[in-house]
Amino acid sequence: PMIEYTLEFLASNGVEEVFVFCCAHADQLTQYIENSAWSNTAGFVVHTIVSTNCISAGEALRLIDHKHVIRSDFILISGDTVANMDLRRALEVHRERRKTERL
């Protein structure tokens with residue numbers, strides 16, 4: 001499944017915790033993740049959040065915010081992303097910018 005590429009990309013960039021927001025086929029996706037190697041990967045935790053009525057990324061972010069699961073900087077990425085960029089450098093730049101541009 002495409003989610004494998006996304007999870008591998010995130011793990012290879014040092015991401016330690018992932019929240020997979022599931023709408024369509026939520027049961028299949030949750031079952032797949034629970035039965036995959038990702039459920040036992042040391043230093044990498046995958047959580048699923050299920051909602052059958054969100055129709056946009058904005059709605060999903062609002063629901064995630066209401067659940068208080070995001071505690072610091074985060075990366076929002078589509079589950080069908082195939083990439084090989086180095087996220088670490090982008091995160092370093094972001095963190096440096098946050099030191100001077102506090103919200």
Side-chain angles (χ1 to χ4, degrees):
M2 291 294 294
I3 191 79
E4 282 291 324
Y5 294 105
T6 306
L7 294 174
E8 181 62 39
F9 169 64
L10 293 170
S12 70
N13 274 280
V15 172
E16 298 171 350
E17 187 173 29
V18 174
F19 293 91
V20 177
F21 193 87
C22 310
C23 292
H25 311 290
D27 291 338
Q28 291 171 319
L29 190 53
T30 300
Q31 184 179 17
Y32 176 79
I33 291 170
E34 288 173 354
N35 295 323
S36 74
W38 298 110
S39 65
N40 304 332
T41 303
F44 190 81
V45 180
V46 181
H47 308 278
T48 55
I49 299 173
V50 176
S51 174
T52 57
N53 57 356
C54 285
I55 59 172
S56 71
E59 288 180 359
L61 283 172
R62 271 191 294 282
L63 181 62
I64 291 168
D65 183 52
H66 287 261
K67 291 182 175 287
H68 303 287
V69 296
I70 305 297
R71 297 175 297 278
S72 63
D73 295 337
F74 65 95
I75 301 165
L76 177 64
I77 190 168
S78 176
D80 60 355
T81 298
V82 178
N84 64 355
M85 74 175 275
D86 184 0
L87 284 178
R88 293 172 195 194
R89 178 68 185 130
L91 288 171
E92 286 175 24
V93 170
H94 170 74
R95 289 181 181 129
E96 287 300 315
R97 187 179 313 123
R98 290 240 358 229
K99 288 179 183 176
T100 60
E101 298 176 12
R102 297 225 174 237
L103 294 177

Task: Ser56: side-chain hydrogen bond (donor to acceptor under 3.5 Å, both in side chains) partners, not counting sequence neighbours - done: none

Open item on the list: Is there a path of hydrophobic side-chain contacts, each under 4.5 Å between heavy atoms of I/L/V/M/F/W/Y residues, joining Ile49 to Ile3?
Closed with: no

Open item on the list: In this structure, would Ile77 and Leu91 fall into the same cluster of hydrophobic residues linked by side-chain contacts under 4.5 Å?
Closed with: yes

TODO: Mind checking salt bridge (Lys or Arg N to Asp or Glu O under 4.0 Å) for Asp73 and listing every partner two or more places apart, or none if nothing turns up?
DONE: Arg98

- [ ] List for me each residue that meets salt bridge (Lys or Arg N to Asp or Glu O under 4.0 Å) alongside Arg97, sequence neighbours excluded, and say none if there are none.
- [x] none

TODO: Determine, using the 4.5 Å side-chain heavy-atom cutoff (strictly less than), whether Leu61 and Ile75 are members of one ILVMFWY cluster.
DONE: no

- [ ] Identify, with sequence neighbours excluded, every residue that meets salt bridge (Lys or Arg N to Asp or Glu O under 4.0 Å) alongside Glu34.
- [x] none

Task: side chain to side chain contact (heavy atoms under 4.5 Å, CB included) against Asn84, all qualifying residues, sequence neighbours excluded - done: none

Task: Minimum-distance pair of heavy atoms, taken over all atoms of Cys23 and Cys54 - done: SG-O, 3.6 Å

- [ ] Determine, step by step, whether Glu92 and Arg95 satisfy the salt bridge (charged side-chain N to carboxylate O under 4.0 Å, His left out) criterion, reporting the C-alpha distance in whole Å, the side-chain angles of both residues, the deciding distance to 0.1 Å, and the verdict.
- [x] CA-CA 5 Å; Glu92 286 175 24; Arg95 289 181 181 129; over 6 Å; no

Task: Listed partners of Phe21 passing ring pair (Phe, Tyr, Trp, His ring centres under 6.0 Å), at least two apart - done: none

- [ ] Just jot down the ring pair (Phe, Tyr, Trp, His ring centres under 6.0 Å) partners of His94, sequence neighbours excluded, or say none.
- [x] none

Task: From CD (Gln31) to OG (Ser36), nearest 0.5 Å - done: 11.0 Å

- [ ] Just grab all the salt bridge (charged side-chain N to carboxylate O under 4.0 Å, His left out) pairs involving residues 52-65, residues at least two apart or on different chains.
- [x] none

Acceptor/donor pairs from residues 5-18 side chains to any protein atom, 3.5 angstrom cut, sequence neighbours excluded:
{"from": "Thr6", "atom 1": "OG1", "to": "Gly79", "atom 2": "O", "distance (Å)": "2.8"}
{"from": "Thr6", "atom 1": "OG1", "to": "Thr81", "atom 2": "N", "distance (Å)": "3.3"}
{"from": "Thr6", "atom 1": "OG1", "to": "Thr81", "atom 2": "O", "distance (Å)": "3.1"}
{"from": "Ser12", "atom 1": "OG", "to": "Glu8", "atom 2": "O", "distance (Å)": "3.2"}
{"from": "Ser12", "atom 1": "OG", "to": "Phe9", "atom 2": "O", "distance (Å)": "2.9"}
{"from": "Asn13", "atom 1": "OD1", "to": "Leu87", "atom 2": "N", "distance (Å)": "2.6"}
{"from": "Asn13", "atom 1": "ND2", "to": "Phe9", "atom 2": "O", "distance (Å)": "2.9"}
{"from": "Asn13", "atom 1": "ND2", "to": "Met85", "atom 2": "O", "distance (Å)": "3.4"}
{"from": "Glu17", "atom 1": "OE1", "to": "Arg71", "atom 2": "NH2", "distance (Å)": "3.1"}
{"from": "Glu17", "atom 1": "OE2", "to": "His47", "atom 2": "NE2", "distance (Å)": "2.8"}

Open item on the list: Is it true that, when you exclude Asp27 itself, more than 12 heavy atoms of the residues, nucleotides or ligands shown sit nearer than 6.0 Å to its CG?
Closed with: no

Task: Sequence-distant partners of Lys99, salt bridge (Lys or Arg N to Asp or Glu O under 4.0 Å), two or more places apart - done: Glu96

Task: Contact summary for Asp80 and Ser78, nearest pair of heavy atoms - done: OD1-OG, 2.6 Å

Open item on the list: I'd like to know if Leu63 and Phe19 are part of one continuous hydrophobic network [Ile/Leu/Val/Met/Phe/Trp/Tyr, side-chain heavy atoms within less than 4.5 Å].
Closed with: yes

Open item on the list: Under the rule for side chain to side chain contact (heavy atoms under 4.5 Å, CB included), what residues qualify as partners of Val50, not counting sequence neighbours?
Closed with: Cys22, Ala26, Thr30

Open item on the list: Quick check on the hydrophobic clustering: are Val20 and Val45 connected, directly or via other members, by side-chain heavy-atom contacts under 4.5 Å?
Closed with: no

Open item on the list: I'd like to check the side-chain hydrogen bond (donor to acceptor under 3.5 Å, both in side chains) partners of Asn53; sequence neighbours left out, ordered by chain and number.
Closed with: Ser51

